[in-house]
Enquirer: 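Would you mind keeping the following structure in view while I ask a few things?
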Number of protein chains: 2
Amino acid sequence: MQNSKRASRVESSAVSNGPAGGGKVSAAARPVRFGPLNDYIGYWLRRAQVWAMTGFLETMKELDLRPTQFSVLILINENPGIRQTEVCAALGLQKANFVPLLNELERRGLAVRKVGSPDRRSSALYLTSQGETLLQRANQLHAQWEGQISARLGTRGQEQLRELLQKLT
Amino acid sequence: MQNSKRASRVESSAVSNGPAGGGKVSAAARPVRFGPLNDYIGYWLRRAQVWAMTGFLETMKELDLRPTQFSVLILINENPGIRQTEVCAALGLQKANFVPLLNELERRGLAVRKVGSPDRRSSALYLTSQGETLLQRANQLHAQWEGQISARLGTRGQEQLRELLQKLT
DNA sequence: TATTGTTATACTCTATAACTATA
DNA sequence: TATAGTTATAGAGTATAACAATA
């Protein structure tokens, strides 16, 4: 159980300001040429992902909720009694890594393992009422966050982005 | 110098198949409801990023080149004599983490630190001719990879995606 | 024999603090 | 005093192998 130490690391801006470059790096502040990097989808995907992760953590700060925890709560809420293996397969997590994650959710009183009747190897997962309450609040906050995104892209742009990302995977 | 052990881990599909779900998880294979997760930009951004990372590593396997290494080679090539601090600021890397990364590039004979004349604290970075050769090959391979992306999105979709991602950050 | 959940472990990425040598 | 580079270290995230209990 290595999750006892709360850290809440926020991963600072990470990818920084990019080509436009901004700031107090040095006196010189010579502009850096990015060359072909500016045209690479993978590069911008990584920058966008870091940006989104940072914004998400900032938004969820009051709940101290990580993206994976959020998606697990949603999945349990949508599929009461779901098994650990199913959650892992759906979200692409290793079952070994899911154990401490779920331990933490149980420790915080948000979810529970119930020993299953049909198959005594597996446990059925449920949200506690506390977990349901927290998830409702998380959904509120997440709506705010999506609002910030659509403020940048417009509703149409947001839809386009989602469609393009879906088409990619 | 902890980079001596070559690993070339490829991060397997990670996010798995998602809503459409695919496979041999179990006999039951009950469909998992994703609920609102399906509408969240951040969720799809992460899936797309994992997908792109996996494809990139697969494409660059012959060169054993990580995304960050690739972007650093490009930046040095575009800005001969650039300082470490500048590369870090441009790409959003911690200077402390840049040291082993650069050590590895030097160990492989792709880049060099030259002790600078004007400021003896800093070193100027250059590609070796071997580094230039490898970068050319990497650019070839990367073009193939972008080709796979545009095969999914179309040229227009690819442009749209890049624009939307840029607008986001 | 295969599967569920678990433990142990290891590698990568990212972050901070403290040090050195210069400026 | 401030900056460039370095070292040491710690915390997440993700991967594999091996195990016990159950099917």
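Below, chain A is the first sequence line, B the second, and so on; all start at residue 1. Computed from a prediction, not measured in an experiment: that's the story for all the values here.
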Enquirer: Whole angstrom is fine here: how far is it from CG in A:L93 over to C1' in C:dG5?
Expert: 15 Å
Enquirer: Is the distance from OP1 or OP2 of D:dG13 to the nearest side-chain N or O of A:R66 less than 4.0 Å?
Expert: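 For D:dG13, OP1/OP2 do have a side-chain N/O of A:R66 under 4.0 Å.
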Enquirer: Taking only side-chain N and O atoms of A:R46, does any of them lie within less than 4.0 angstrom of OP1 or OP2 on C:dC13?
Expert: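 Result: no.
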Enquirer: Taking CZ from B:F98 and P from D:dT7, how many angstroms apart are they, rounded to a whole number?
Expert: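 Distance, rounded to whole Å: 14 Å.
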Enquirer: Figure out the CG/C1' separation between B:L102 and D:dA4, and round it to whole Å.
Expert: 13 Å
Enquirer: Working to the nearest 0.5 Å, report the span between CG of B:L45 and CZ of A:F56.
Expert: 12.5 Å
Enquirer: For the pair made of CE in B:M53 and P in D:dA15, what is the distance, rounded to whole Å?
Expert: 11 Å
Enquirer: Do B:L161 and A:L165 have side chains that approach each other closer than 4.5 Å (heavy atoms only, starting at C-beta)?
Expert: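 A side-chain contact under 4.5 Å exists here.
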Enquirer: Would you mind reading off the distance between A:W51 atom CH2 and C:dT14 atom C1', rounded to a whole angstrom?
Expert: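 After rounding, the reported distance stands at 20 Å.
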Enquirer: Between D:dA8, C:dT6, D:dA4, which one does the side chain of A:V99 approach most closely?
Expert: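 Side chain of A:V99 sits closest to C:dT6.
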Enquirer: For residues A:N38 and A:R33, is any side-chain donor paired with an opposing acceptor at under 3.5 Å?
Expert: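 No pair is found: no donor N or O on one side chain lies under 3.5 Å from an acceptor on the other.
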Enquirer: Measure from CG on B:D119 to P on D:dA2 and round the result to the nearest Å.
Expert: 17 Å
Enquirer: Looking only at side-chain N and O atoms, does A:R83 come under 4.0 Å of OP1 or OP2 in C:dT4?
Expert: yes
Enquirer: So what does B:S123 touch, heavy atoms closer than 4.0 Å: a base, only the sugar-phosphate, or nothing?
Expert: sugar-phosphate
Enquirer: Counting side-chain heavy atoms from CB outward, which of D:dG5, D:dA8, C:dT14 is closest to B:N97?
Expert: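 Nucleotide nearest to B:N97's side chain: C:dT14.
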Enquirer: Just checking, any donor-acceptor pair under 3.5 angstrom between side chains of A:Q49 and A:R46?
Expert: no
Enquirer: In whole Å, I'd like the distance from the CG atom of B:L101 to the C1' atom of D:dT7.
Expert: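 The answer, rounded to whole Å, is 16 Å.
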Enquirer: On DNA chain C, check which nucleotide each of A:K95 and B:A96 is closest to and give me the residue with the more 5' one.
Expert: A:K95
Enquirer: Nearest-nucleotide wise, let me know which of A:P67 and A:R121 is further upstream toward the 5' end of DNA chain D.
Expert: A:P67
Enquirer: Can A:V99 be reached from A:L101 by stepping across I, L, V, M, F, W or Y side chains whose heavy atoms are under 4.5 Å apart?
Expert: no
Enquirer: For D:dA21, does OP1 or OP2 lie under 4.0 Å from any side-chain N or O of A:R120?
Expert: no
Enquirer: Expressed as a whole number of angstroms, how long is the span from A:N103:CG to C:dG5:P?
Expert: 13 Å
Enquirer: Can a side chain N or O of B:T85 be found less than 4.0 Å away from OP1 or OP2 on D:dG5?
Expert: yes
Enquirer: Measuring from the side chain of A:Q94 (C-beta onward, heavy atoms only), which nucleotide among D:dT6, C:dG5, D:dT16 has the closest atom?
Expert: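 When the side chain of A:Q94 is considered, D:dT16 is the closest of D:dT6, C:dG5, D:dT16.
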